[in-house]
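Side-chain atoms are counted along with the backbone in the values below, which use heavy atoms only and exclude waters and symmetry mates.
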Amino acid sequence: MEIKNVLFSEQELNQIVVRTAADIDSVLKRDKVNSLTVICVLRGAFVFTADLVRNIDLNDIRIEFVSASSYGGGTVSSGEVHMDFLNDIEIKGKNILVVEDIADTGRTLKKLTEAIKAKEPDNVWVAAMFDKPERRTVEFEPDFIGAKIPDEFIVGYGLDFDGRYRNLPYVAVLGFE
Ligand code: IMP
Ligand code: MG
């Protein structure tokens with residue numbers, strides 16, 4: 001197993017962040033939203049969230065974290081979604097932006113947004129850094145997408161394989177050989 005080709009360089013990732021933040025800004029302005037609670041889905045979204053919140057044109061942002069995972073140690077979704085820390089977050093009457101690393105089968109985001117909606121927020125949007133639309137097994141569409149990618153396993157910029165490579169400043173395809 002090794003790091004193969006770089007899919008997004010640092011500079012390309014920055015462009016994705018800036019573009020996604022601009023998309024979010026225009027919806028927030030349109031809907032006259034002036035305070036936001038960002039929920040970062042640990043652990044893969046931590047780098048994207050850190051960059052994204054510094055590019056959203058709003059001062060009044062709270063940042064919260066949930067832990068959600070549907071992968072064990074491998075590269076194939078286990079189908080079960082584990083969630084943690086959601087009960088610690090004030091959601092009722094708030095404007096919520098969930099930030100996730102990848103929309104893959106869609107199970108994690110579907111389950112998470114359903115759980116959030118049950119707590120009666122004013123609004124809930126989902127921003128996914130990457131989308132693998134071919135992999136979807138449940139009906140779910142993020143409101144904001146950084147980039148669509150083919151069905152390949154990627155690491156870096158927060159994304160891991162078995163806990164490793166989250167530190168890479170670029171996104172690369174992981175090869176198995
Ligand atoms: P879903 O519930 O199948 O949509 O799972 C999405 C989660 O799987 C993401 O939040 C990632 O943590 C993980 N994931 C999916 N594809 C990749 C990948 O290419 N690299 C690293 N993690 C991935
Ligand atoms: Mg994840």
Report summary line: One should read off an interatomic distance between L36 CG and N59 CG, to the nearest 0.5 angstrom, of 12.0 Å
Requested in this report: Could you give me the CA-CA distance, side-chain angles and deciding distance for D101 and R43, then say whether salt bridge (Lys or Arg N to Asp or Glu O under 4.0 Å) is met?
Outcome: CA-CA 9 Å; D101 53 4; R43 289 181 276 212; over 6 Å; no
**Report entry** R166 side-chain N/O to G156 backbone N/O, donor-acceptor pair under 3.5 Å
**Finding:** no
**Report entry** Minimum heavy-atom distance between W125 and D143, given as atom pair plus value
**Finding:** CA-OD2, 3.3 Å
Query raised in the report: So how far is it from F144 CZ to S26 OG, rounded to the nearest 0.5 Å?
Result: 7.0 Å
Requested in this report: Might you point out which heavy atoms bring A21 and L52 nearest each other, and give the distance in Å?
Outcome: N-CD1, 3.8 Å
Query raised in the report: How many angstroms lie between CZ in R107 and CZ in R136, if you round to the nearest 0.5 Å?
Result: 11.5 Å
**Report entry** Nearest-0.5 Å distance that lies between atom CZ in F153 and atom CG in D104
**Finding:** 8.5 Å
Query - Residue pairs involving residues 144-156 (criterion salt bridge (charged side-chain N to carboxylate O under 4.0 Å, His left out); sequence neighbours excluded) - result: R135-D151
Query raised in the report: Is it true that V99 and I16 fall in one hydrophobic cluster, defined by side-chain heavy atoms closer than 4.5 Å?
Result: yes
Report task. Answer whether the closest heavy-atom distance between the side chains of E100 and P142 falls below 4.5 Å. Result -> no
Query raised in the report: So, R164 side chain and D160 main chain: donor-acceptor pair closer than 3.5 Å or not?
Result: no
Query - Check: K110 side chain, V138 main-chain N or O, donor-acceptor pair, under 3.5 Å - result: no
Query raised in the report: Sequence neighbours excluded, which residues qualify as side chain to side chain donor-acceptor pair (under 3.5 Å) partners of N87?
Result: K119
Query - Joint cluster assignment, I24 & I61, ILVMFWY side-chain distance < 4.5 Å - result: yes
Query raised in the report: Under 4.5 Å between side-chain heavy atoms, hopping through other hydrophobics if needed: is there a path connecting V47 to I63?
Result: yes
Query raised in the report: Taking side chain as C-beta onward, heavy atoms only, is V124 less than 4.5 Å from K117?
Result: yes
Distance-only check: which donor-acceptor pairs under 3.5 Å involve side-chain atoms of residues 27-34, not counting sequence neighbours?
unit_1	atom_1	unit_2	atom_2	d
K29	NZ	D57	OD2	3.4

Query - Check against side chain to side chain contact (heavy atoms under 4.5 Å, CB included), L174 and Y165 - result: CA-CA 10 Å; L174 194 66; Y165 310 122; 3.9 Å; yes
Query - Taking every non-hydrogen atom, the tightest pair across Y170 and V6 - result: CD1-CG2, 3.9 Å
Query raised in the report: Does the pair V38 and E64 meet the rule for a side chain to side chain contact (heavy atoms under 4.5 Å, CB included), with working shown?
Result: CA-CA 6 Å; V38 168; E64 303 283 359; over 6 Å; no
Query raised in the report: Under the side chain to side chain donor-acceptor pair (under 3.5 Å) rule, what pairs show up with a residue in residues 8-22, not counting sequence neighbours?
Result: S9-E12
Report task. Could you note down all residue pairs passing ring-ring contact (aromatic ring centres under 6.0 Å, His included) where residues 8-59 supplies at least one of them, sequence neighbours left out? Result -> F8-F130
Requested in this report: Measure the shortest side-chain to side-chain distance between I3 and V155 over non-hydrogen atoms and say whether it is less than 4.5 angstrom.
Outcome: yes
Query raised in the report: With a 4.5 Å limit on heavy-atom distance, are the side chains of I102 and M129 in contact?
Result: no
Report task. Any chance you could lay out the side chain to side chain contact (heavy atoms under 4.5 Å, CB included) test for D51 and Y157, step after step, and finish with the verdict? Result -> CA-CA 11 Å; D51 284 343; Y157 196 68; 2.6 Å; yes
Query raised in the report: L112 and M83: side chain to side chain contact (heavy atoms under 4.5 Å, CB included), yes or no, with the steps?
Result: CA-CA 8 Å; L112 184 57; M83 280 193 292; 3.4 Å; yes
Side chains of residues 91-98: which donor-acceptor pairs under 3.5 Å do they make with residues two or more places apart or in other chains?
unit_1	atom_1	unit_2	atom_2	d
K92	NZ	E120	OE1	2.7
N95	OD1	N123	ND2	2.8
N95	ND2	S35	O	3.2

Requested in this report: May I ask whether I154 and I145 are part of the same hydrophobic cluster, defined by side-chain heavy atoms of I, L, V, M, F, W, Y residues being less than 4.5 angstrom apart, directly or through others?
Outcome: no
